Amino acid sequence: MTAITSVKGTRDFYPEDMAFQRWLYASIRAVSEQFGYQEYDGPFLERVDLYAARSGDELVREQSFVFPDRSGELIALRPELTPSLARMIAARSRVLPRPIRWWSFGPFWRYEQPQRGRSREFFQWNIDLLGVNSPEADAEMAAIAAAFLGRVGLGPDAVRILINDRRLAELQLQSIGIPTAQQSAVFRLIDRRDRLGPDAWEAEARRTGLEGRQLEQLQAALADREAWRTSDELRRFFRAAEALGAAQYLEYDPTVIRGLDYYTGTVWEARDAAGEYRAILGGGRYDDLISAVGGDPIPGTGFAMGDVVIRLVLEKYDALPKLRTNPADLMIASFEVESLEPALQLAARFRSAGLRVEWYPQADRLPKQLKFADRQGIPLVAILGPEEIGSKQVTLKNMQTGNQESVAIELAIARVKELAAAQARPSA
RNA sequence: GUGCCUGUAGCUCAAGGGUAGAGCGCCUCACUGUGGAUGAGGAGGCUGCGGGUUCGAAACCCGUCAGGCACCCCA
């Protein structure tokens with residue numbers, strides 16, 4: 001094949017895909033603003049050093065698109081936003097009023113093996129609350145996630161938000177007698193428990209250096225769904241989440257750890273109830289990140305959601321919205337060569353009045369034009385043929401009801417606006 | 001980056017060494033001023049790409065690219 005193919009792991013966005021992206025963005029914006037968050041964005045290109053400091057070096061070493069610029073400096077296509085956020089906050093840490101509530105939606109790149117729910121170029125919603133180190137702030141983040149899920153039609157029966165706290169997890173490991181040096185290895189082990197079978201996991205646990213008694217205690221801790229009660233932070237977290245109306249989505253899950261190294265407190269993720277897909281969204285508390293990139297210490301908490309998994313889950317639960325891909329309020333049909341010019345004039349008048357107007361550009365048969373309008377989902381067709389022109393009228397056909405009426409051309413704009421408003425209401 | 005599976009029409013899939021098919025979609029017509037329904041007809045393929053085996057390859061072999069599954073990691 002001589003055709004140049006698309007880059008591995010990238011997606012083409014046809015109009016129907018774009019309609020979904022716009023809908024997703026609109027939903028994200030609505031929920032973010034509902035909680036008073038401000039939109040921002042960082043650059044798509046960053047120095048590799050920004051990520052090297054933290055993130056977990058696998059992310060930058062193995063999974064970033066990195067290239068030297070013309071001066072030889074290593075540049076990365078951003079694999080995540082939180083370090084850029086930390087840099088931006090650090091740069092103005094003395095002047096930004098706190099708390100800082102910011103959200104963003106934009107493209108990211110990771111050099112991964114593409115799979116279902118995983119691409120190399122994806123969009124991600126990031127939302128963070130900085131300057132507040134309280135369980136109630138963490139609960140707000142979870143409540144935002146819950147509000148979003150509810151808004152897009154995914155109820156608590158379809159999606160669960162699973163919560164843990166690394167401070168609690170660390171205490172549990174200490175009480176089992178696992179030395180601090182071994183902690184991150186054990187965290188990684190816990191993180192993989194669902195993916196490995198029980199036998200493979202135990203073998204892996206022994207390889208990590210856990211003795212029989214420690215292994216038993218670890219198993220017991222991971223099975224204890226009530227351990228959150230021993231944590232002040234988690235008790236306050238769940239109480240606040242309850243007050244915020246998000247409790248139905250939430251569950252304490254001691255096996256949730258998350259891979260990123262910079263999390264210092266709560267860690268959590270949302271998964272479909274059947275456990276079929278990857279995490280829909282994930283986040284947690286990161287209290288040391290701002291100081292790590294050179295700012296005053298500012299605590300932070302937040303989460304990120306990719307556009308790929310959420311779409312799969314929406315499809316699975318039949319919650320994908322039916323979206324129009326054609327924005328036109330009406331199409332003008334004119335099927336005699338002599339009526340093309342009056343049709344163009346009418347289109348111009350409609351547009352001047354603020355209407356979105358598509359003009360059918362050929363003198364094709366009327367059935368063909370109506371079929372086109374139907375397939376495009378255009379709600380209204382203005383027919384301007386010799387009969388209408390002769391009587392200075394235009395025929396307006398409602399494509400959903402099939403009703404049509406003749407209107408004097410001077411009155412057409414007002415009438416079309418009425419009809420368009422009536423159309424817009426049910427679908428809004 | 002590693003292992004396994006799969007690439008046939010726009011989509012979902014048949015044909016498992018001997019002329020490449022179906023359903024859906026698309027186009028045309030019935031209906032040259034009225035869409036969706038129905039019927040009839042039509043277009044569309046170097047079987048992902050490159051090489052090999054064979055009289056003959058969509059099929060068998062090798063490579064490569066892409067997708068899927070698992071690992072790794074994560075949105």
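We use all heavy atoms of the structure for the numbers below, so side chains are in, but hydrogens, waters and symmetry mates are not. Sequence lines set the chain letters: A, B, ... in the order given, protein chains first and strands last, and positions in each chain run from 1. Computed from a prediction, not measured in an experiment: that's the story for all the values here.
- One finds a salt bridge joining A:R101 and A:E140 here, because a Lys/Arg side-chain nitrogen approaches an Asp/Glu carboxylate oxygen to under 4.0 Å.
- Counting any heavy atom pair closer than 4.0 Å across all strands shown, A:L281 reaches sugar-phosphate atoms only and no base atom.
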Checklist outcome for this item: Annotated structure of RNA chain B as dot-bracket, pair cut-off 3.5 Å, Watson-Crick or G-U only, | for inter-strand, is (((((((..((((....[..)))).(((((.......))))).....(((((..]....))))))))))))....

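- When the nucleotides B:G33, B:U34, B:A70 are ranked by their closest atom to the side chain of A:Q115, B:A70 comes out on top.
- A:R311 has a carboxylate O that lies under 4.0 Å from a charged side-chain N of A:D17, or vice versa, which qualifies the two as a salt bridge.
- The NZ-C1' distance, from A:K8 to B:A66, rounds to 7 Å in whole Å.
- Residue A:P386 is in base contact, counting any heavy-atom pair closer than 4.0 Å across all strands shown.
- Listed nucleotides: B:G68, B:C71, B:G33. Nearest to the side chain of A:Q113: B:C71.
- For A:R188, a side-chain nitrogen or oxygen approaches OP1 or OP2 of B:C73 to under 4.0 Å.
- Residue A:S119 is in base contact, counting any heavy-atom pair closer than 4.0 Å across all strands shown.
- Note on A:I310: nothing from the nucleic acid sits closer than 4.0 angstrom, heavy atoms only.
- At a threshold of 4.0 angstrom between heavy atoms, the contacts of A:G377 with the nucleic acid are absent.
- Base contact: A:E388 has a heavy atom under 4.0 Å from a base atom.
- Nearest to the side chain of A:D374, among B:C72, B:U34, B:G35, sits B:G35.
- B:C55 and B:C72 are spaced 49 Å apart, taking the P atom of each and rounding to whole Å.
- RNA chain B is contacted by both A:F123 and A:Y111; A:Y111 maps to the nucleotide lying nearer its 5′ end (nearest heavy atom per residue).
- The phosphate of B:C69 (OP1 or OP2) has a side-chain N or O of A:R116 nearer than 4.0 angstrom.
- In this structure, A:E358 places its CD atom 19 Å from P of B:G35, rounding to the nearest Å.
- For the pair A:F122 CZ and B:C73 P, the computed distance is 17 Å after rounding to whole Å.
- Comparing the C1' positions of B:A15 and B:A22 gives a spacing of 11 Å, expressed to the nearest Å.
- Looking at heavy-atom distances under 4.0 Å, A:E387 makes contact with a base.
- One finds no salt bridge joining A:E80 and A:R78 here, because no Lys/Arg side-chain nitrogen approaches an Asp/Glu carboxylate oxygen to under 4.0 Å.
- A perpendicular orientation is assigned to the rings of A:Y286 and A:Y262, their planes being inclined by more than 60° (bins at 30° and 60°).
- Put simply, A:R278 has no side-chain N or O that comes within less than 4.0 Å of OP1 or OP2 on B:C69.
- Using a cutoff of 4.0 Å between basic side-chain nitrogens and carboxylate oxygens, A:R225 and A:D253 are scored as salt-bridged.
- A donor and an acceptor atom never sit less than 3.5 Å apart when one is taken from the side chain of A:Q369 and the other from the base of B:U34.
- Annotated as syn: B:G16, whose O4'-C1'-N torsion sits within 90° of 0.
- Rounded to whole Å, atom P of B:G68 lies 11 Å from atom CZ of A:R120.
- Atom OH of A:Y111 sits about 14.0 Å away from atom CD of A:E121, to the nearest 0.5 Å.
- Remark: A:R110 is not positioned above the aromatic ring of A:F122, lacking an NZ or CZ atom under 6.0 angstrom from the ring centre and at most 45 degrees off the axis.
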Next on the checklist: What verdict does the side chain to side chain donor-acceptor pair (under 3.5 Å) test give for A:E16 and A:T325, after you've listed the backbone C-alpha separation in whole Å, the side-chain angles of each residue and the deciding distance to 0.1 Å?
Outcome noted: CA-CA 6 Å; A:E16 60 269 28; A:T325 61; 5.8 Å; no

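- If you measure from atom CD of A:E276 to atom P of B:G68, you get 15 Å, rounded to the nearest angstrom.
- Spacing between atom CD of A:Q362 and atom P of B:C27 amounts to 13 Å, rounded to whole angstrom units.
- Ring to ring, A:F148 and A:W125 are close: their centroids are under 6.0 angstrom apart.
- Here the nucleotide nearest the side chain of A:Q63, chosen from B:G33, B:C73, B:C27, is B:C73.
- Residues A:R365 and A:R375 both approach RNA chain B. Their nearest nucleotides, taken by heavy-atom distance, put A:R375 toward the 5′ side.
- Taking atom C1' on both B:A59 and B:U19, the two are 16 Å apart, rounded to the nearest angstrom.
- Atom P of nucleotide B:U2 and atom CD of A:E112 are separated by 16 Å, given to the nearest angstrom.
- Counting to the nearest Å, the P atom of B:C11 and the CD atom of A:E16 are 13 Å from each other.
- For A:Q404 and B:G33, a side-chain-to-base donor-acceptor distance below 3.5 Å is absent, hydrogens and geometry of angles not being considered.
- Taking 4.0 angstrom as the limit, A:K368 places a side-chain polar atom (N or O) nearer than this to OP1 or OP2 of B:U28.
- Within the structure, every side-chain polar atom (N or O) of A:K397 is placed at least 4.0 Å from both OP1 and OP2 of B:U34.
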